[in-house]
Amino acid sequence: MTDGTRTSVIARNQMGGPTIITSDPKSTYEVVFGGHGAPDGTDYQLIPREIIQTPQFEASLAKGILAVVEGEDDADVQAALAGQKAAFWERARRQDTAAREVLEAPSDNDMLALECIGPGTRADAACGIQVPVRAREAGLKAPLCSQHASLEDRCVKRGSGPWVLEG
Ligand SMILES: [Zn+2]
């Protein structure tokens, strides 16, 4: 497939709750999914090219957070799916230094789906929108959705305890 015949890519959220995928920490591109089976169909979303080409998208497919329902034969989607294939891990298992270096980069980028600790619509409940956070950053950065990202300075984590919003 050439660049001139790119198909649109639609993915479905496989998670029970809302899920957000962003192209970068600044949310330059962002897709918000409703929970799997949402009555309004928001669990299906068109995925922009800028997100398809990110490691986060590849990881969300590998982890089964998202599933591609249209555009599986798109070249970029194929590349993302190929990234899940065993060849990568086979190489790592051989334990040569080069493979180790390759292995460390994506595992740092492993995505966790954490719930936003920003204020929710009710006083006693947190926002709860699932935020993809890199495993490496989970202890460094509070889970906040794009709407609550500005509250970062009020988030505190003590020892191995959970992130809490103060103030
Ligand atoms: Zn939030």
Side-chain angles (χ1 to χ4, degrees), residues 6-72 74 76-77 79-81 83-84 103-167:
R6 280 175 162 174
T7 49
S8 60
V9 173
I10 294 172
R12 187 178 195 197
N13 181 15
Q14 305 296 101
M15 309 296 281
T19 299
I20 300 177
I21 186 165
T22 58
S23 59
D24 55 74
K26 291 191 158 60
S27 299
T28 311
Y29 293 89
E30 179 179 87
V31 176
V32 181
F33 292 86
H36 188 79
D40 56 358
T42 51
D43 51 337
Y44 291 92
Q45 296 290 339
L46 191 65
I47 309 297
R49 190 66 44 191
E50 290 78 4
I51 286 180
I52 297 169
Q53 291 168 339
T54 62
Q56 298 90 285
F57 182 70
E58 185 177 310
S60 71
L61 296 181
K63 291 179 180 304
I65 295 170
L66 299 180
V68 173
V69 295
E70 193 180 312
E72 284 108 325
D74 179 276
D76 288 330
V77 171
L81 289 168
Q84 306 171 27
L103 174 63
E104 272 157 23
S107 66
D108 276 353
N109 280 327
D110 266 4
M111 300 301 284
L112 309 171
L114 301 179
E115 292 187 352
C116 174
I117 61 169
T121 45
R122 285 182 303 142
D124 58 342
C127 163
I129 287 182
Q130 286 188 348
V131 190
V133 177
R134 286 194 185 86
R136 176 185 49 175
E137 289 171 353
L140 304 173
K141 195 166 170 285
L144 291 169
C145 69
S146 55
Q147 193 193 332
H148 293 125
S150 60
L151 300 176
E152 195 170 348
D153 291 347
R154 285 172 46 195
C155 295
V156 182
K157 179 173 165 60
R158 291 191 177 85
S160 57
W163 281 100
V164 264
L165 181 67
E166 296 202 323

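All ligand and atom numbering here is 1-based and tracks the order in the structure.
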**Request:** May I ask you to test the V68-F57 pair for a side-chain heavy-atom distance under 4.5 Å?
**Result:**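 Yes, their side chains come closer than 4.5 Å.
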
**Message:** Side chains of L144 and C155, heavy atoms from C-beta outward: is any pair under 4.5 Å?
**Reply:**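 Contact flag for L144/C155 side chains = yes.
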
**Message:** Quick check against the 3.5 Å criterion: does Q45 have a side-chain atom that pairs as donor or acceptor with the backbone of A11?
**Reply:**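 No: the side chain of Q45 does not pair with the backbone of A11.
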
**Asked** Does the side chain to side chain donor-acceptor pair (under 3.5 Å) test come out yes or no for T28 and E50, once each step is laid out?
**Response** CA-CA 9 Å; T28 311; E50 290 78 4; over 6 Å; no

**Request:** For the Zn ion (ligand 1), report each protein N, O or S atom nearer than 2.8 Å, sorted by chain and then by residue number.
**Result:**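 The answer is C116 SG, C127 SG, C145 SG, H148 ND1.
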
**Message:** Any carboxylate oxygen within less than 4.0 angstrom of a Lys/Arg side-chain nitrogen, looking at R158 and E166?
**Reply:**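 Salt bridge: yes.
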
**Asked** side chain to side chain contact (heavy atoms under 4.5 Å, CB included) with E115: which residues, sequence neighbours excluded?
**Response**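 Checked E115 against side chain to side chain contact (heavy atoms under 4.5 Å, CB included); matches are Q130.
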
